[in-house]
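All of these numbers come straight from a predicted model, not from anything done at the bench. Throughout, a chain's letter reflects where its sequence line sits, starting with A, and its residues are numbered from 1.
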Amino acid sequence: MQFAHNSVVWFRQDLRIHDHPALTQACEFAQLHDSNLTAIYFVTPKQWAEHDVAAIQIDFIERHIEQLNQRLAAIGIELTVVNLSTFDDILPWLKAYCAEHHIGQIFAANESEFNERQRDIKLINAGIPLRLIEQDCVLATGTVNNLSGQMYKVFTPFSKAWKKIASSQPIVPLGIPAFRQPIAAPSLSRFNCDEFYPQRVTSELWAAGEDCARKQLKQFIENDIADYQQYRDLPAIDGTSKLSPYLAIGVLSPRQCVAGILFYYPDALVNDASPAKTWLNELIWREFYRHLLVAFPKLSRSQSFNELGQFIQWRNDNDEFQAWCQGQTGYPIIDAAMRQLNQTGWMHNRLRMVVASFLTKHLLIDWRWGEQYFRQHLIDGDLAANNGGWQWSAGTGCDAQPYFRVFNPMTQSSKFDPDASFIKHFVPEVADWSLKHIHEPHLKAHHINSMADLFSERAKQEKAYPQPIVEHGFARKRALEVLGALKRG
DNA sequence: CAGGCCTTGCT
DNA sequence: GCAAGGCCT
């Protein structure tokens, strides 16, 4: 029998060749042994459907896989796309592959989600020579702890500790490994997802490719990061980085983002007044939620962080949930946000908080319903951040919003979309309403005053837009009673 | 261990 | 001004 010197790099949610430690180590291994190195990607649509991965994200992934294929070929690595069904199919496939191709080592980036970790542990226990490289976070999960040696449960002390550690070590992204002579890029198997994803959904708002992502990162840090704090809450303005789709599938690494910040703002980790501090904090939130996912695996299984969360008496009215999903609640700001999600696969962060608060508090619908709907539609779907954000809104999470803080959709509307230009774009029915009525829709009279109105286009349109699904004062009081009951026991 | 502190607000 | 209560040092 031939000695097993060949190796594989297994790509998951890390679809890039820059700053990819597992890829780099695989190349070094193959150079050392003068052996073969190939790359694989597993398509597991049944697993993805169980995880509520959005069709638009799968399309985004497939477009990046084609790009990755070209880039890998340029350094002499052949990529194979393998169509399977679930994670459980990977073990037999890898067993056969390792035997046939004399594979001695499989390199892969670690993942923080529970099922993904279980998959890897099972493979290792079954004898698959899988070597996991910690590269999911800038600072590996489990390495940022309080003085008791435990994971932090409050963001601010976590972020301080994180910055202290990060500032004491070099943050230098790896380049593209110089490996072998280019080969012709192989033709890849198409993703076979039709059974679980009959509808293909493509986004034109995010270009595919590592080069696009890197350019967008550079431009954001160079031009926009200092204004981020000022503009990030205004959905009508392009004030956010819009990099989340790339981070979610690993076209960019978080280390590239932090290194980018430090290139332009070298003191960002130690200077609390740095213009880059607000966006840096967002990256640290990403790390916080991932570290939590590993420290508290129940979060991956949709259990509330706060034990009391399981006792909340959700109303869970299905018709109201549908109205929320479809952007038909009668609150223009809520409906504009949900339609942005439905139409583009992305929603502005401020609005994610607004609609999450509305669903969980005004409608008293279980945050899990909203979390699932978000994942099913977001191009940047990411378990850690999505779960963290929803539990923060619902008040069940780690370092969450207090239960008695109920966002006022009218205040949020006038504060963050003052001229209603965002709302009007996604809810044209209200485009000719006064600003006052757009922000405070309950003041808008929906009466039809005359026969002329009845037949006018305007009357039809206004009739088509629903009355507010629930009155704010009433809903607020109801939420405080239901959620407050828990605390009183 | 007592005391300061705690993402994005509300009335 | 207020709204708990737990976390962190």
Secondary-structure stems, DNA chain B, at least 3 Watson-Crick or G-U base pairs under 3.5 Å: B:2-6 with C:5-9

If you measure from the P atom in B/dG9 to the same atom in C/dG6, how many Å do you get, rounded?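 Going atom to atom, P in each nucleotide, I get 24 Å.
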
Quick one: closest heavy-atom pair of A/Tyr331 and A/His472, and the distance?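 Scanning both residues completely, I find the closest heavy atoms to be OH-N, 3.4 Å.
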
Are A/Arg339 and A/Phe426 in a cation-pi setup, meaning NZ or CZ lies under 6.0 angstrom from the ring centre and within 45 degrees of the ring axis? no

Ignoring hydrogens and geometry beyond distance, is a side-chain donor-acceptor pair present between A/Gln256 and A/His18 at under 3.5 Å?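 A/Gln256 vs A/His18: no donor-acceptor pair found between side chains.
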
Report the nucleotide, chosen from [options], that has the shortest atom-to-atom distance to any side-chain atom of [X].
{"X": "A/Asn408", "options": "B/dC10, B/dT8, B/dC6", "value": "B/dC10"}
{"X": "A/Pro157", "options": "B/dT8, C/dC8, B/dT11", "value": "C/dC8"}
{"X": "A/Arg350", "options": "C/dC8, B/dT11, B/dG9", "value": "B/dG9"}
{"X": "A/Met353", "options": "B/dC10, B/dT8, B/dC6", "value": "B/dT8"}
{"X": "A/Val154", "options": "C/dC8, B/dT8, B/dG9", "value": "C/dC8"}
{"X": "A/Asp399", "options": "B/dG9, C/dT9, B/dC6", "value": "B/dC6"}

Is [X] touching bases, backbone alone, or none of the nucleic acid, heavy atoms closer than 4.0 Å?
{"X": "A/Gln229", "answer": "nothing"}
{"X": "A/Arg232", "answer": "base"}
{"X": "A/Thr411", "answer": "sugar-phosphate"}
{"X": "A/Gln412", "answer": "sugar-phosphate"}
{"X": "A/Lys415", "answer": "sugar-phosphate"}
{"X": "A/Phe404", "answer": "base"}

Nearest-Å distance for atom pair NE2/C1', residues A/His348 and B/dT8: 12 Å

For A/Arg405 and C/dG5, what is the distance between atoms CZ and P respectively, to the nearest whole Å? 16 Å

So how far is it from A/Ile17 CD1 to A/Asp19 CG, rounded to the nearest 0.5 Å?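 CG of A/Asp19 is found 11.5 Å from CD1 of A/Ile17.
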
